Participant: 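I am attaching a structure below and will ask some questions about it afterwards.
Every value quoted in this text rests on a predicted model; they were computed, and no experiment measured them. So you know, we letter chains A, B, ... as the sequences are listed, proteins then strands, and number each from 1.
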2 protein chains.
Amino acid sequence: MHEIDDDQTAVLRRFNRSYTQRIGALDDSFLGSGMPLGTARVLYEIGTGVDMVAALRARLDLDSGYVSRMLRRLESDDLVVVAQDPADRRRRTVALTSGGQERWDAIEASSGRRAAGLMEPLSPRQRERLTAALREADLLVRAATVDLRPVDPEDPRAVVAVGAYVDELNRRFSEGFDAARATREDAVSLRPPRGVFLVAVSDGDPVACGAVRTIGPGVAEIKRMWVDATWRGAGLGSRMLRRLEEEAARLGDSVVRLDTRGELSEAVALYERAGYRPVERYNDNPDAGLFYEKAL
Amino acid sequence: MHEIDDDQTAVLRRFNRSYTQRIGALDDSFLGSGMPLGTARVLYEIGTGVDMVAALRARLDLDSGYVSRMLRRLESDDLVVVAQDPADRRRRTVALTSGGQERWDAIEASSGRRAAGLMEPLSPRQRERLTAALREADLLVRAATVDLRPVDPEDPRAVVAVGAYVDELNRRFSEGFDAARATREDAVSLRPPRGVFLVAVSDGDPVACGAVRTIGPGVAEIKRMWVDATWRGAGLGSRMLRRLEEEAARLGDSVVRLDTRGELSEAVALYERAGYRPVERYNDNPDAGLFYEKAL
DNA sequence: GCCAATCTCTGACTAGAGTCAGAGGTTATG
DNA sequence: CATAACCTCTGACTCTAGTCAGAGATTGGC
């Protein structure tokens, strides 16, 4: 790996210190709502559309008993209603009551006011600088902390990612790719022991995917490379590619191939940067025009 | 005031959310130390050189009883020694023991490792982008959250600030300005009811200062404008100037004057941007070559 | 149709963070 | 030199956050 500069970690740590001391106080806007922070966070998530208790727990990474108790409190304050999910009666759904919605709006407004208050002392130009810096830092911090995890091609997150991938191909080439067919195909070849499907998940949402499978003795092929449009430029593609190569090695392969097409210029640039070299057509994929190979 | 863009607060809030969820975990490095976060923070501050219990309390903004208890715990773990301050025996001093220093080093190292771990997935170029963005954000966030507060010219913070101001003049012009004399003069004219002395304090340290005093019927004069070199470019100077003008108005003045010299180009630019216009020499300050005035 | 797995809930805890009221010694001030 | 102001400490609390063990209802897989 590349060495990490001490100055860089120092900047991060310095920022962390000043930030938690100052803006960390933004969290207190939750406190201004008169309920404990944990409870307010739960209410907030419900307001943003999380409608299953299990999803809530996964999102906030909390103990089930703890969440249950907080929901009970919110219920007795008449801010949410919890009901049985008719589809699976073990599960429970949550929703804001009208009073809960009001409270949510109030939290939202107060949080916005605090953010505005923080920026208030700055001149318009400085605000723009701060906003730009935070936007950049946000993208990179998020990108650095997504985890690439192997999932089954039929896992909901994989299905969503492939759906987005196919949508994009259709938007760009309008040639009628079919997401359901893609998933059916993937289910055959892109799972152990012949292949691996990886998704990059951030806040529970898939933001990138990629897969690899063995197509011949010692030869692997990379498929389904996709990065969400808002996440490009943060190095997610190359990270995914690197991980897929590791997976190929683990499958026992020493050569990696892939097909793509010239119009996907970001992808092509990514592959070439990563050391892939053009080769002759090695399959009969009618949608592909360019073929690449790399020896591991 | 200027309107604050909703998009800008949205960026700030989005950043805040992703940040506290991800890097906020940097704080856990304190937790890895086996002691509660509060206690670890206290130990950390002592290690950075805070040597008075009172300073510690002010710095972390904690209840005196609470700090006392944490110190007791650190003492019983043989990490710090608390002793009476001989100069003022109500006060107590704190220092790390050798064991405490070891522990501090360990916390420091682990915190650095975590920061490095966060950056590890990023490519060198992305790391540079992240570092630059955080550096910029840090400066602006700090600048936005300093508070400008009126203090007595003999307040230690004012004395330190004036000292830095005089040092800088001496470095740039080497004409033997004298800090002690400056403070003596300020103590006469730059305190209520005739004048006001403002310091910008960040983390307990003065990072900018400025003062205003009435020098004639309806006429105020601005003095001691200084911004710490590492804090320039964050709008602290114009904020200070604006506040001083408000103070002048409060003193009942409607015209503000000031003197400076052409070599102080940043200062001159600041004044001109703020609407100050050159006027004839209005005093006999031998160190000044330029004179400005603004009607409020 | 049984058994294991899943989801949610309750009860019983622990530990950390922080507040408040005063006691006791010490120093500035008129 | 009395008195107010100051600094630190102890005791007695409150509130949150979070954990753990199981009970009860429900569902999926063989």
Participant: Take the protein atom CZ of Arg73(A) and the nucleotide atom P of dC9(C), then report the distance between them rounded to whole Å.
Facilitator: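 That distance rounds to 17 Å.
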
Participant: Look at the side chain of Arg90(A) and decide which nucleotide, out of dC7(C), dA17(D), dT19(D), has an atom nearest to it.
Facilitator: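 It is dC7(C).
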
Participant: What is the distance, to the nearest angstrom, from the CE atom on Met52(B) to the P atom on dC6(D)?
Facilitator: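 Computing the Met52(B):CE to dC6(D):P distance gives 17 Å.
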
Participant: Consider the side chain of Arg92(B), meaning its heavy atoms from C-beta on, and name the nucleotide among dT8(C), dA17(D), dT8(D) that approaches it most closely.
Facilitator: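 Looking only at heavy atoms from C-beta outward on Arg92(B), the closest nucleotide is dT8(D).
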
Participant: Hey, does Gly38(A) reach any base, or is it just sugar-phosphate, or nothing, if we go heavy atoms under 4.0 Å?
Facilitator: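 Sugar-phosphate only.
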
Participant: CH2 of Trp104(A) to CD of Glu45(A): how many Å apart, nearest 0.5 Å?
Facilitator: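 The CH2 atom of Trp104(A) sits 10.0 Å away from the CD atom of Glu45(A).
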
Participant: Less than 4.0 Å between a side-chain N and a carboxylate O, is that true for Asp85(A) and Arg89(A)?
Facilitator: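 No, Arg89(A) and Asp85(A) are not salt-bridged.
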
Participant: Assign each of Gln84(A) and Tyr66(A) to its nearest nucleotide of DNA chain D by heavy atoms, then name whichever residue's nucleotide is nearer the 5' end.
Facilitator: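 Between the two, 5'-proximity favours Tyr66(A).
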
Participant: Just compare dT8(D), dT8(C), dA17(C) and give me whichever is closest to any side-chain atom of Arg91(B).
Facilitator: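 Closest nucleotide to the Arg91(B) side chain: dT8(D).
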
Participant: Over all strands shown, is Val67(B) touching base, sugar-phosphate only, or nothing at heavy-atom distances under 4.0 angstrom?
Facilitator: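 Since no nucleic acid heavy atom lies under 4.0 Å of Val67(B), the category is nothing.
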
Participant: Quickly work out the Arg57(B) CZ to dC6(D) P distance and round it to whole Å.
Facilitator: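 Roughly 12 Å, once rounded to whole Å.
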
Participant: For the side chain of Arg89(A) and the base of dT26(D), is some donor closer than 3.5 Å to an acceptor across the two?
Facilitator: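 Such a pair does not exist between side chain and base.
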
Participant: Could you give the CG-to-P distance, from Leu71(A) to dA17(D), as a whole number of Å?
Facilitator: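 Whole-Å distance recorded here is 14 Å.
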
Participant: Any side-chain N or O of Arg72(A) below 4.0 angstrom from OP1/OP2 of dC9(C)?
Facilitator: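 The answer is yes; a side-chain N or O of Arg72(A) sits under 4.0 Å from OP1 or OP2.
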
Participant: Select base, sugar-phosphate, or nothing to describe what Asp88(B) touches, counting heavy atoms under 4.0 Å on all strands.
Facilitator: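 Sugar-phosphate only.
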
Participant: Can you check whether Val196(A) reaches Arg250(A) side chain to side chain, under 4.5 Å on heavy atoms?
Facilitator: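 Of all side-chain heavy-atom pairs linking Arg250(A) with Val196(A), none is under 4.5 Å.
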
Participant: I'd like to check Met240(A) versus Leu148(A) (side-chain heavy atoms, cut-off strictly below 4.5 Å). Are they in contact?
Facilitator: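 In short, these two side chains touch, coming nearer than 4.5 Å.
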
Participant: Where the side chain of Leu62(B) is defined as all heavy atoms beyond and including C-beta, which of dG16(C), dT16(D), dG18(C) is the nearest nucleotide?
Facilitator: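 Minimum distance to the Leu62(B) side chain belongs to dG18(C).
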
Participant: Considering only heavy atoms and no angle criterion, is a donor-acceptor pair shorter than 3.5 Å present between the side chain of Arg69(A) and the base of dG11(C)?
Facilitator: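 Checked by distance alone, the answer is yes.
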
